[in-house]
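Notes follow the structure.
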Amino acid sequence: MLGTGPDARYGSGSRTRRYAWQHRRPPSVRPPAARPSAAVLLLHGGAETGLGAPPPGPLNLPAVRMRPFARSIAGAIRGGGVGPGGGGVLVRSVRYAHRGWNGPREDPLHDAVRALDALGREAGEIPVVLVGHSMGARAALRAAGHPLVRGVVGLAAWCPAGDPVDQLAGRDVVLLHSTRDRITSPRASQRLTARARRAGARSCLVAIRGGDHAMLRRAGAWHALTARIVTGLLGLGPLPGPVEAALGLPPDASGVAGTLDLDLLEG
């Protein structure tokens with residue numbers, strides 16, 4: 001049980017690569033009619049290694065798993081009204097060129113950065129929240145130095161100890177992690193939030209008791225909390241009180257101090 005209480009912008013080790021990529025819009029989310037004033041980009045999980053392309057459509061199970069998150073976020077956005085600039089909020093998924101992270105190739109990171117660059121060309125300088133699961137959360141954290149990114153919501157994040165955090169300065173970073181995850185480490189997520197705070201981020205971790213890496217157990221809680229945090233980070237609604245308080249912790253606060261228990265969050 002956890003205790004409660006293609007430059008340097010994107011993190012060291014990244015570099016420019018030319019891979020095929022495209023946005024994929026979840027089927028349940030329609031683009032806003034007007035020019036969007038904010039966006040949410042979803043990044044699904046993957047593998048440590050894998051140079052092949054992800055399978056198409058429903059065969060890509062990590063991408064399918066993110067569809068309920070897209071629906072929940074879209075519903076919360078509709079309930080919150082227009083975006084922070086008076087326009088709509090775009091919800092999109094990022095398609096990867098390869099299944100895996102692939103060591104120093106860092107393939108999903110480059111897909112994420114190119115997706116953000118394309119979004120900037122399309123919509124201008126709008127605030128973006130990245131929502132990533134597992135490998136996708138790692139890519140989101142690494143891409144957070146992009147000038148469009150306001151915040152990151154990481155779900156069962158893959159957080160290797162050596163990954164950089166300087167790119168998180170000035171960003172809001174909220175990680176959600178099951179205490180029973182056996183694929184990625186909740187304690188590594190906890191340590192990441194402390195490192196990010198020292199680097200100048202506003203960060204915290206929400207521990208989800210009884211969950212799992214695929215987020216199938218307590219799925220409704222995963223979906224609802226993610227949507228609430230995303231709308232809060234975009235200014236479309238309030239953040240849960242304890243999350244707002246934890247994001248305001250001083251830079252030297254410990255990982256334990258910045259860890260919340262989902263079951264104790266305010267309704």
Side-chain angles (χ1 to χ4, degrees), residues 6-24 38-48 54 62-63 66 69-70 73 90-160 162-176 184 188-189 192-193 195-196 199-203 226 229-230 233-234:
D7 55 31
R9 293 183 307 178
Y10 310 125
S12 61
S14 64
R15 59 196 189 282
T16 304
R17 304 184 69 90
R18 296 187 178 276
Y19 290 117
W21 64 270
Q22 68 184 76
H23 297 304
R24 179 171 55 197
V40 180
L41 289 185
L42 301 163
L43 298 96
H44 65 74
E48 186 171 354
M66 295 303 287
F69 287 95
I73 292 167
L90 198 61
V91 180
R92 284 183 174 173
S93 295
V94 176
R95 176 173 289 173
Y96 303 143
H98 307 279
R99 295 188 189 201
W101 184 266
N102 298 319
R105 290 173 57 105
E106 302 172 333
D107 289 314
L109 166 62
H110 302 298
D111 293 331
V113 171
R114 292 190 182 281
L116 286 161
D117 287 343
L119 182 60
R121 290 191 296 270
E122 175 186 346
E125 296 183 3
I126 61 172
V128 177
V129 172
L130 303 177
V131 179
H133 173 229
S134 193
M135 183 188 76
R138 185 183 186 186
L141 290 164
R142 292 290 304 277
H146 192 283
L148 295 184
V149 176
R150 172 176 291 182
V152 174
V153 181
L155 313 172
W158 177 20
C159 300
D163 273 9
V165 294
D166 290 346
Q167 76 280 359
L168 299 173
R171 274 60 175 176
D172 292 326
V173 178
V174 182
L175 303 184
L176 282 59
T184 57
S189 284
L192 186 282
T193 61
R195 294 175 59 219
R202 289 171 14 112
S203 64
T226 299
I229 291 170
V230 168
L233 295 182
L234 288 175

Next item on the list: Mind running side chain to side chain contact (heavy atoms under 4.5 Å, CB included) on Val128 and Leu119 for me, showing each step along the way?
Entry: CA-CA 9 Å; Val128 177; Leu119 182 60; 3.7 Å; yes
**Message:** Run the side chain to side chain contact (heavy atoms under 4.5 Å, CB included) test on Ile73 and Leu42 for me, step by step, so that the C-alpha distance in whole Å, both residues' side-chain angles and the decisive distance to 0.1 Å come before the verdict.
**Reply:** CA-CA 10 Å; Ile73 292 167; Leu42 301 163; 4.0 Å; yes
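Under the 3.5 Å distance criterion, the side-chain polar atoms of Thr184 are left unmatched by any main-chain donor or acceptor of Ser134. Side-chain atoms of Asp111 come within 3.5 Å of backbone N or O of Ala97 as a donor-acceptor pair. Side-chain N or O atoms of Arg171 include one that pairs as donor or acceptor with a backbone N or O of Val149 at under 3.5 Å. A donor-acceptor contact shorter than 3.5 Å is absent between the side chain of Glu125 and the backbone of Gly120. Between the side chain of Arg195 and the backbone N or O of Thr193 there is no donor-acceptor pair closer than 3.5 Å. Formation of a donor-acceptor pair under 3.5 Å by the His110 side chain with backbone atoms of Arg105 is found in this model.
Separating the CG atom in Asp172 from the CZ atom in Arg202 is a distance of 4.0 Å, to the nearest 0.5 Å. Here Asn102 contributes atom CG and Asp107 contributes atom CG; the two are 4.5 Å apart, rounded to the nearest 0.5 Å.
A 4.5 Å side-chain heavy-atom check between His133 and Phe69 finds every atom pair outside the cut-off. Using a 4.5 Å heavy-atom threshold, the side chains of Leu168 and Ser203 count as separate. No side-chain heavy atom of Leu141 sits less than 4.5 Å from a side-chain heavy atom of Asp163. Using a 4.5 Å cut-off on side-chain heavy atoms (C-beta onward), Pro160 and Arg138 make contact.
Pairing each heavy atom of Ala144 with each of Val152, the nearest pair is CB-CG2, 3.8 Å. Between Leu90 and Glu122, the shortest heavy-atom contact is CD2-OE2, 4.2 Å. Of all heavy-atom pairs between Val94 and Ala115, the closest is CG2-CB, 3.8 Å. Taking all atoms of both residues into account, the shortest heavy-atom contact from Leu116 to Ala143 is CD1-O, 4.1 Å. Heavy atoms only, all atoms of each residue included: Ala38 and Ile126 are closest at C-CD1, 3.8 Å. Leu43 and Ala139 make their closest contact through CD2-CB, 4.1 Å (heavy atoms, listed as atom of the first residue, atom of the second, distance).
Counting only N and O atoms by type, the side chains of His146 and Asp117 include a donor and acceptor under 3.5 Å apart.
Checking each of Val91, Val174, Leu130, Val40 against Val230 for a side-chain contact (heavy atoms from CB on, under 4.5 Å) leaves exactly one that passes, namely Val40.
Classification of the Tyr96-His44 ring pair by plane angle, with boundaries at 30° and 60°, yields tilted.
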